[in-house]
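Structure first, then comments.
When a ligand or atom number is given, it counts from 1 through the structure's own listing order.
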Amino acid sequence: MADRKCLALIAHDQKKDDLAAFAKAHEATLSGWKIVATGTTGGRVLDACPGLDVTRLKSGPLGGDQQIGALIATGDVDCLIFFVDPLTAMPHDVDVKALMRLAIVYDIPMALNRATAEQLIDFRRN
Ligand SMILES: O=C(CO)COP(=O)(O)O
């Protein structure tokens, strides 16, 4: 059997409740993926869905976004769902931009809000 594809999940603090609810609502679909997540986000996803295969990396401000960017560059992440908070300044804004840039460079599907993530998860199921 081919290796499962890898999905990266990230949410800024104001969006973490929303991402946990999204994960719960799509738990069955997400169980078909290998998941990598920034540290705090991964913890929230596992609290909501303890059975998912989630690898937690560093927290975003401590390098987690860059770790996920590196995994995109090596071809180890196939899809990115990142619930971005557009209303709060981030100390690691440059890391966030660099991550999005690599998702574009390597042309992987990237959802930056819940509406797009809902479409992406439905699309990939079909
Ligand atoms: O800051 C983040 C993304 O830029 C998310 O990191 P955490 O999941 O560790 O909060």
Q) So which heavy atom in the protein is nearest atom 9 (O) of ligand 1, and how far is it from that ligand atom? A) Ser59 OG, 2.6 Å
Q. Which heavy-atom pair separates Ala37 from Val54 by the least distance, and what is that distance?
A. CB-CG1, 4.2 Å
Q | Contact atoms of ligand 1, heavy-atom distance to Ala11 under 4.0 Å | A | 5 (C)
Q: Under 4.0 Å from a heavy atom of Val96: give me the atoms of ligand 1 that qualify, with their elements.
A: 4 (O)
Q: Would you mind finding which of Lys15, His92, Lys16 brings a heavy atom closest to atom 10 (O) of ligand 1?
A: Lys16
Q) Looking only at heavy atoms, what is the nearest atom pair of Lys58 and Gln67, with distance? A) N-OE1, 2.8 Å
Q) Where's the contact between Asp65 and ligand 1, heavy-atom distance under 4.0 Å: side chain, backbone, both or neither? A) side chain
Q: Search all heavy atoms of Asp95 against all heavy atoms of Gly60 and return the closest pair with its distance.
A: OD2-O, 4.4 Å
Q | Given Arg44, Lys24, Arg114, the one that forms salt bridge (charged side-chain N to carboxylate O under 4.0 Å, His left out) with Asp18 | A | Arg114
Q.
Pairs of nitrogen or oxygen atoms closer than 3.5 Å, one from Ile10 and one from ligand 1: do any exist?
A. no
**Q.** Contacting atoms of ligand 1, where contact means under 4.0 angstrom from a heavy atom of Thr41
**A.** 7 (P), 8 (O)
(Q) Students should be able to answer this: which protein heavy-atom is nearest to atom 6 (O) of ligand 1, and at what distance? (A) Gly60 N, 2.9 Å
Q. Non-hydrogen atoms of Pro61 versus ligand 1: any pair closer than 4.0 Å?
A. yes
Q. Do Val77 and Tyr106 come within less than 4.5 Å of each other through their side chains, counting heavy atoms only?
A. no
Q: Would you mind listing which atoms of ligand 1 come within a distance below 4.0 Å of any non-hydrogen atom of Thr40?
A: 7 (P), 8 (O), 9 (O), 10 (O)
Q. Which ligand 1 atoms are under 4.0 Å away from a heavy-atom of His12?
A. 1 (O), 2 (C), 3 (C), 4 (O)
Q) Shortest non-hydrogen contact from Leu30 to Leu52? A) C-CD2, 3.8 Å
(Q) A quick test of your reading: do over 12 heavy atoms of other residues, nucleotides or ligands sit less than 6.0 Å from CD of Gln14? (A) no
Q: May I ask you to test the Thr88-Asp13 pair for a side-chain heavy-atom distance under 4.5 Å?
A: no
(Q) I'd like to check Glu118 versus Phe22 (side-chain heavy atoms, cut-off strictly below 4.5 Å). Are they in contact? (A) yes
Q | Protein heavy-atom partner closest to atom 5 (C) of ligand 1 - residue, atom, separation in Å | A | Thr38 OG1, 3.4 Å
**Q.** Proximity of Lys58 to ligand 1 by residue part, where a heavy atom lies under 4.0 Å
**A.** neither
